[in-house]
K.L.:
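The following block contains the structure, expressed as structure tokens.
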Amino acid sequence: MADPVAGADRPDAPDRDTLLAMFEIQSRIKSCDERFRSMLTSGQIQLIYYSPRGQECISAGWGVHLRPDDQVVTIYRGLHDHLAKGVPLRELWAEFLGRATGTCKGKGGPMHITHPESGLMVTTGIVGAGIPIATGFGLAAQLDGSDRVCVVNFGDGASNIGAFHEGLNLAAVWNLPVVFVCQNNLYGEHTPYRMVTGVDHISDRAAGYGMAGVTVDGNDPVATWKVMGEAIARARAGEGPTLVEARTYRFWGHLMGDAMEYMDKDERKAAMAADPVLRYREWLLANGHATEEQLAEVEQTVLAAIDDAVEFAMNSPYPDASELYTDVYATVPGGAQS
Amino acid sequence: MADPVAGADRPDAPDRDTLLAMFEIQSRIKSCDERFRSMLTSGQIQLIYYSPRGQECISAGWGVHLRPDDQVVTIYRGLHDHLAKGVPLRELWAEFLGRATGTCKGKGGPMHITHPESGLMVTTGIVGAGIPIATGFGLAAQLDGSDRVCVVNFGDGASNIGAFHEGLNLAAVWNLPVVFVCQNNLYGEHTPYRMVTGVDHISDRAAGYGMAGVTVDGNDPVATWKVMGEAIARARAGEGPTLVEARTYRFWGHLMGDAMEYMDKDERKAAMAADPVLRYREWLLANGHATEEQLAEVEQTVLAAIDDAVEFAMNSPYPDASELYTDVYATVPGGAQS
Amino acid sequence: MTDTAAPEIPVLMTGLAINQALDIAMTIDPKVIMLGEDIAEPSGGVYKVTKGLSTKHGAHRVRKTPISEQAIVGAAIGAAIAGYRPIAEIMIMDFLAVCLDQVSNHAGKIRYMSGGQTTVPMVIRTSAGAGRGFGAQHSEMLEAWAVHTPGIKVVVPSTPADAKGLLLSSIFDDDPVLFVEQMMLYWNPAVAGPVPPGDVRIPLGVADVKREGSDVTIVSYGRQVHDCLAVAAKLADEGVSCEVVDLRTLVPLDEATVLASVAKTKRAVIVHEAVQVCGFGAELSSRIHEELFGELAGPVRRVGGANTPVPYASNLEADFIPQQADIEAAVRRTLG
Amino acid sequence: MTDTAAPEIPVLMTGLAINQALDIAMTIDPKVIMLGEDIAEPSGGVYKVTKGLSTKHGAHRVRKTPISEQAIVGAAIGAAIAGYRPIAEIMIMDFLAVCLDQVSNHAGKIRYMSGGQTTVPMVIRTSAGAGRGFGAQHSEMLEAWAVHTPGIKVVVPSTPADAKGLLLSSIFDDDPVLFVEQMMLYWNPAVAGPVPPGDVRIPLGVADVKREGSDVTIVSYGRQVHDCLAVAAKLADEGVSCEVVDLRTLVPLDEATVLASVAKTKRAVIVHEAVQVCGFGAELSSRIHEELFGELAGPVRRVGGANTPVPYASNLEADFIPQQADIEAAVRRTLG
Ligand SMILES: Cc1ncc(C[n+]2csc(CCOP(=O)(O)OP(=O)(O)O)c2C)c(N)n1
Ligand SMILES: Cc1ncc(C[n+]2csc(CCOP(=O)(O)OP(=O)(O)O)c2C)c(N)n1
Ligand SMILES: [Mg+2]
Ligand SMILES: [Mg+2]
């Protein structure tokens with residue numbers, strides 16, 4: 001597991017605004033997740049839910065570096081990434097609940113959140129498939145002569161599928177502005193990654209593509225911020241892609257309802273005891289980067305926004321039945337149904 | 001390119017019988033290829049032909065180490081591998097010409113030569129696809145408690161496709177008795193491998209799977225024999241898979257008729273001038289490993305066998321029309337056609 | 001009609017029936033092995049269908065794999081050629097798309113390309129179907145792709161007894177078989193049924209007339225068979241007699257049973273969850289018209305999935321899937 | 001009928017017509033880019049269809065890729081969403097199987113899953129078809145897989161003029177289009193034809209009646225259209241009048257033209273090279289029977305590829321492919 005964030009101050013830490021911005025993102029993720037889980041547990045809502053709890057610091061780490069025009073690709077376990085890229089809470093919640101007011105009119109759902117306005121371009125449910133697509137966003141940026149970048153997120157398990165290999169090699173040979181973020185939460189569904197992965201550090205695979213690779217403690221917000229910043233800067237400068245492996249831990253099993261019988265109880269207890277979000281909060285206070293009042297206010301604001309989003313979503317209508325047939329094709333002569 | 005085989009003797013060379021066995025395999029490959037090309041050029045036969053000329057020493061290098069029960073998987077450019085594993089000339093020629101007497105009754109063709117009796121299990125036309133299949137042969141050997149091994153051959157271009165990644169990782173995590181032989185002939189169809197591959201030495205990719213990886217001069221029969229022997233011994237001993245990158249050069253373009261406008265003329269001239277088969281012959285003589293008479297006899301025997309095989313194939317009938325519908329399924333209730 | 005309805009036979013849910021078939025096959029034949037993601041203990045698979053098997057038969061025979069579907073199917077192909085009877089699990093049918101090359105270009109063609117020298121006795125088990133709010137990439141029925149690929153057999157069971165008996169036959173069949181298990185059937189008590197204990201096999205290529213009738217033939221397979229039976233029961237009250245034919249296997253196809261039934265009723269409705277356009281119903285409808293032209297009282301009607309990806313919103317997802325109301329409407333239409 | 005037969009129009013082979021369409025599209029729209037294996041100079045593609053394009057438009061726009069079909073299609077998808085009009089080349093259609101996830105689960109569904117926020121305006125060009133002794137893994141016609149995948153448009157041209165005009169429309173269409181080019185057409189002088197110069201587009205979803213007739217309708221697409229026309233010409237000498245409808249695009253489908261023709265002739269034969277079982281002909285046959293039941297003089301007949309992998313031996317390969325004799329026999333049978 002990650003070494004705990006030292007209580008001591010960090011010379012390598014960013015400025016206060018950045019530190020607070022990361023805290024704000026982490027709080028949004030943590031509180032959204034807690035609300036989803038409590039409403040699911042109480043039966044107020046029903047959906048297949050993949051909790052990102054424990055992985056907040058990773059998305060916050062790249063989130064504060066990105067510009068609105070930068071692009072993000074993620075996976076079914078994507079709530080933290082969606083929020084870090086700024087997908088609005090109301091539309092996000094409405095989409096999770098399959099309502100007409102959702103980001104995708106309720107037609108995509110949690111596994112397919114898309115919000116180009118925020119730069120959240122693709123969320124895929126197919127392990128590894130977002131990686132080649134991300135190279136396409138990188139290619140477009142390169143051809144546009146723009147310095148925008150694409151950050152694509154995926155798990156440890158995804159590093160064993162063919163699309164990972166093809167996407168990283170292509171990004172390397174074309175020197176594309178893409179940052180590959182492998183969120184290594186130690187498990188792929190019910191399987192410890194080391195049982196099915198030939199290498200300890202997934203970032204070591206970067207060398208096979210002549211690509212920069214680095215492993216960072218994804219539970220250390222400062223270290224993660226630094227590594228993400230370097231990778232994003234490299235991509236912006238046209239110096240090519242990076243594979244960042246951020247080590248973390250999946251608090252709640254693969255999906256909501258998972259019995260977690262395959263997870264080591266003590267390992268999990270230790271990880272949750274070292275909750276990176278709470279530790280970061282303590283660290284901010286201990287080192288005078290923020291006052292209790294400031295942080296509490298951030299948290300209150302986040303909770304209020306979530307209340308509003310939940311109410312918005314719960315009171316939103318389901319999509320009209322006609323929506324089943326729309327958006328299949330952009331153009332269909334005479335609206336033919338095939 | 002490969003450093004030329006020194007005229008001097010080699011302390012690391014195998015015994016005389018092995019040296020001659022490699023020469024015999026190389027001669028068979030070289031002469032078969034020359035016969036195919038001359039008959040194609042003269043219009044006596046017509047088929048899509050992928051010449052293995054220049055790559056003889058690689059197959060000979062593993063060929064002399066394999067037992068009859070060891071298994072081989074290869075690709076459309078597989079003639080050299082087929083011969084190194086002992087696929088009989090008559091059935092091989094007949095299959096290339098699509099005759100009923102061919103290894104596959106003429107139904108598979110050159111891209112799909114199969115001859116389990118010789119241990120030539122699968123020849124595929126899909127780049128990279130033989131790699132996962134080879135892991136299955138390795139798995140079967142492991143479960144059987146047998147020390148037989150599987151050698152799977154593929155090209156430099158194949159190292160960029162997803163199946164390569166998935167197959168190597170699986171072989172590594174299951175510690176399978178498979179030797180992955182990447183025959184790096186510097187080109188994938190019309191594209192120099194370095195233009196599309198993120199790394200110089202394809203064997204460096206092995207590290208990403210925690211697998212042994214080695215690059216050898218595939219035009220140096222003695223060095224290749226040594227490296228193949230080590231990899232095969234490792235697999236036999238249950239010590240796991242190896243990725244061997246054997247550097248060589250493709251003399252005749254991707255397929256017969258290729259204009260080769262994308263190949264550097266001087267590079268090609270130099271490679272052909274350093275013909276590994278001829279150099280090996282000279283080296284054998286220069287160092288008294290064989291006499292001119294011995295080598296000439298081997299070559300004559302090979303040529304006679306090829307004459308016989310060509311005559312056999314040319315005089316063989318095409319498959320009976322009924323063969324179109326057989327072998328689709330092993331069992332079909334009431335012979336139903338679907 | 002199968003006679004599995006005899007009272008003393010235990011009633012099981014589909015997931016357990018499949019688990020039993022796997023257990024029996026591994027017990028009677030050491031060459032049967034399983035490969036797939038998360039299939040081993042302690043979890044025993046994401047749907048618990050392989051529960052207990054790795055403990056009983058060993059982790060060397062019930063093998064957890066990386067998330068590498070091409071490697072899963074490829075390894076199964078190699079092992080099958082080498083004499084094993086591998087059962088590869090592709091967790092959800094939509095993921096067939098990441099390994100279809102191994103399935104169609106290799107598993108399906110190797111026997112033919114080798115001139116019959118090598119066979120590929122393997123099963124690809126895959127869970128499939130909409131109805132659980134999984135969205136567009138985890139809900140498809142793609143059996144038509146495989147039916148269009150000569151060399152692959154295709155099985156889609158509807159009842160626990162069929163699932164067990166057909167899976168046993170598939171495992172011991174010498175050809176590659178795509179075995180489609182609809183998620184909605186696994187642990188649904190409403191479709192639990194009697195399952196004869198032991199190694200009781202149901203041959204591939206034999207349809208099952210699940211209900212006899214004289215006015216119209218409803219042909220289906222998989223989960224929708226239950227909807228067809230419900231519609232048949234409802235219409236019976238109105239005096240409409242529906243015959244329900246459960247194909248059970250699409251390749252090989254028991255065309256004779258279908259044609260005999262339609263020749264009798266003169267009317268046919270084909271029902272499946274898969275997208276209707278270019279679905280299996282198109283093939284079957286064409287054949288019925290070709291074989292029984294002039295004998296039909298009306299055109300064969302097809303009831304299939306909408307020509308759209310599977311939507312997430314619960315109301316839209318329900319509309320995507322053929323419902324009993326759609327089947328009933330099609331039946332009434334054929335009765336004109 | 002298209003009026004491309006006017007004398008002053010240059011006669012081109014299909015490969016060159018496609019090359020022209022690509023050149024024109026890249027010239028008029030800087031957002032058009034190409035990705036594929038070996039497509040750049042000096043070779044200009046394994047079939048020389050992209051000859052000259054990288055030299056004229058730059059290697060940054062005509063991009064040689066690794067042998068990574070998932071990356072080729074995936075990169076095209078990303079670039080398309082980001083505002084480009086990528087043309088991805090999958091060298092041979094059988095290789096679709098290695099990247100079908102990107103095609104079906106992503107290109108085909110992204111617009112729907114995003115609720116219309118993102119579109120994927122891209123073309124997947126692929127060469128296909130048997131007849132050249134390439135064997136089982138380099139000879140398939142797999143368009144039915146894509147037709148069964150909502151969200152993908154499917155085009156299969158038969159003449160040089162259609163290939164050019166339909167490719168231009170496909171490139172500038174806002175949906176993903178699978179564009180199938182039969183290898184046997186590329187450089188076959190026998191099927192060369194007049195091709196109007198310049199940016200002349202043929203809309204998707206409009207079938208072309210390639211020959212008018214009154215006794216029987218032969219519906220086909222792609223290479224086999226030429227065989228159908230040959231059969232029609234032969235039968236004309238016997239006084240049998242065949243109408244030949246070239247679908248040109250399978251999705252969207254011009255059902256109206258087909259139904260109007262069959263309503264007139266009362267007889268239909270559907271011809272395609274793809275394996276007949278679950279091929280596109282099954283879908284079309286079913287629809288004709290559904291729409292014109294009672295108006296037909298006989299059942300719709302299908303002439304498709306054998307239900308086998310494509311064999312290597314030249315005689316067997318010829319038997320696999322529907323021949324003019326098979327088409328003629330089917331037509332005579334419908335006239336029966
Ligand atoms: C191609 C494919 N195979 C299998 C699955 C089923 N599946 C969904 S999530 C998952 C585990 C992924 O693990 P990892 O990549 O580590 O991501 P995590 O869930 O841990 O965030 C699997 C196997 C899938 N969605 N896609
Ligand atoms: C999946 C797939 N993509 C593309 C092709 C077309 N193709 C056939 S051979 C070849 C080049 C392969 O190069 P390499 O792996 O270096 O092997 P070599 O031909 O040099 O022996 C390509 C692209 C194919 N057969 N399969
Ligand atoms: Mg994980
Ligand atoms: Mg090569």
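Throughout, a chain's letter reflects where its sequence line sits, starting with A, and its residues are numbered from 1. Hydrogens, waters and symmetry mates are skipped; everything else that's a heavy atom, side chains included, is used.
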K.L.:
Going by atom types only, do A/Arg234 and A/Thr242 share a side-chain donor-acceptor pair under 3.5 Å?
P.N.:
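Short answer, yes.
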K.L.:
Shorter than 4.5 Å, heavy atoms on both sides: which option in A/Asn169, A/Leu143, A/Val173 has the most such pairs with chain D?
P.N.:
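With the most close heavy-atom pairs to chain D, the winner is A/Leu143.
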K.L.:
So, A/Gln183 versus A/His80: side-chain donor-acceptor pair below 3.5 Å or not?
P.N.:
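Looking only at side-chain atoms, A/His80 and A/Gln183 do form a donor-acceptor pair, the distance falling under 3.5 Å.
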K.L.:
Is D/Ile72 in contact with chain A via its backbone, its side chain, both, or neither, using a 4.5 Å heavy-atom distance?
P.N.:
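No part of D/Ile72 comes within 4.5 Å of chain A.
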K.L.:
Find the one option among A/Asp144, A/Thr326, A/Leu176 whose heavy-atom pairs under 4.5 Å with chain D are most numerous.
P.N.:
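Of the options given, most contacts go to A/Asp144.
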K.L.:
Which bit of D/Glu69 comes within less than 4.5 Å of chain A, counting heavy atoms only: side chain, backbone, both or neither?
P.N.:
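Just the backbone, heavy atoms under 4.5 Å.
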K.L.:
Side chain, backbone, both or neither: which part of A/Leu324 has a heavy atom under 4.5 Å from chain D?
P.N.:
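For A/Leu324, the contact with chain D is made by backbone and side chain together.
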K.L.:
A/Thr114 and D/Gln117: side-chain donor and acceptor closer than 3.5 Å?
P.N.:
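Side-chain D/A pair, A/Thr114 to D/Gln117: absent.
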K.L.:
Between A/Ser159 (side chain only) and A/Asp156 (backbone N and O only), is there a donor and an acceptor less than 3.5 Å apart?
P.N.:
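Yes, because the side chain of A/Ser159 sits within donor-acceptor range (under 3.5 Å) of the backbone of A/Asp156.
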K.L.:
In terms of heavy-atom pairs under 4.5 Å with chain A, which of D/Ala82, D/Gly151, D/Ala79, D/Gly116 leads?
P.N.:
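Answer, by heavy-atom pair count under 4.5 Å with chain A: D/Gly151.
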K.L.:
Taking every heavy-atom pair that is under 4.5 Å apart, which of D/Arg63, D/Glu255, D/Arg61 has the most such pairs with chain A?
P.N.:
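Top count of heavy-atom pairs under 4.5 Å with chain A: D/Arg63.
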K.L.:
Tell me whether D/Arg248 forms a cation-pi arrangement with D/Tyr221, defined as NZ or CZ under 6.0 Å from the six-membered ring centre and within 45 degrees of its axis.
P.N.:
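Negative - D/Arg248 is either too far from the ring of D/Tyr221 or too far off its axis.
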K.L.:
Under 4.5 Å from any heavy atom of chain A, what part of D/Lys109 do you find: side chain, backbone, both or neither?
P.N.:
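Contact with chain A: none, neither part.
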K.L.:
Heavy-atom pairs under 4.5 Å with chain A: which of D/Asp101, D/Ile77, D/Val154 has the most?
P.N.:
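With the most close heavy-atom pairs to chain A, the winner is D/Asp101.
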K.L.:
Before accepting this row, confirm whether a basic side-chain N of the pair D/Lys31/D/Asp29 lies closer than 4.0 Å to the acidic partner's carboxylate O.
P.N.:
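Salt bridge flag = no for D/Asp29 with D/Lys31.
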K.L.:
Examine whether an atom of A/Val122 lies under 4.5 Å from a heavy atom of chain D, and if so say whether it belongs to the side chain, the backbone or both; otherwise answer neither.
P.N.:
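When you check distances to chain D, only side chain atoms of A/Val122 fall under 4.5 Å.
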K.L.:
Under 4.0 Å between a Lys/Arg side-chain N and an Asp/Glu carboxylate O for A/Lys105 and A/Asp327?
P.N.:
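Salt bridge between A/Lys105 and A/Asp327, a charged N being under 4.0 Å from a carboxylate O: yes.
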K.L.:
Which label fits A/Tyr50 and A/His254: parallel for a plane angle under 30°, tilted from 30 to 60°, or perpendicular past 60°?
P.N.:
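Rings of A/Tyr50 and A/His254: perpendicular, over 60°.
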K.L.:
Relative to chain A, which segment of D/His106 carries a heavy atom at a distance below 4.5 Å: side chain, backbone, both, or neither?
P.N.:
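Only the side chain of D/His106 comes within 4.5 Å of chain A.
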K.L.:
Does any backbone or side-chain atom of D/Thr119 lie under 4.5 Å from a heavy atom of chain A? Answer side chain, backbone, both or neither.
P.N.:
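Interface part for D/Thr119: side chain.
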K.L.:
Under 4.0 Å between a Lys/Arg side-chain N and an Asp/Glu carboxylate O for D/Asp173 and D/Arg85?
P.N.:
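Not counted as a salt bridge, because no side-chain N and carboxylate O are separated by less than 4.0 Å.
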K.L.:
For chain D, which candidate among A/Gly167, A/Gly162, A/Ala129 shows the most heavy-atom pairs at distances under 4.5 Å?
P.N.:
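With the most close heavy-atom pairs to chain D, the winner is A/Ala129.
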K.L.:
Given a strict heavy-atom distance threshold of 4.5 Å, which part of D/Asn105 is in contact with chain A: side chain, backbone, both, or neither?
P.N.:
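The side chain, not the backbone.
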K.L.:
Which atoms of A/His165 come close to chain D, meaning under 4.5 Å heavy atom to heavy atom: side chain ones, backbone ones, both, or neither?
P.N.:
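It is neither, since no heavy atom gets under 4.5 Å.
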K.L.:
Among A/Asn153, A/Asp81, A/Val73, A/Val152, find the one that has a side chain to side chain contact (heavy atoms under 4.5 Å, CB included) with A/Val181.
P.N.:
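It is A/Asn153, the one option of A/Asn153, A/Asp81, A/Val73, A/Val152 that forms the side chain to side chain contact (heavy atoms under 4.5 Å, CB included) with A/Val181.
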K.L.:
Can you tell me which portion of A/Gln142 sits under 4.5 Å from chain D's heavy atoms? Options are side chain, backbone, both or neither.
P.N.:
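The answer is the side chain of A/Gln142.
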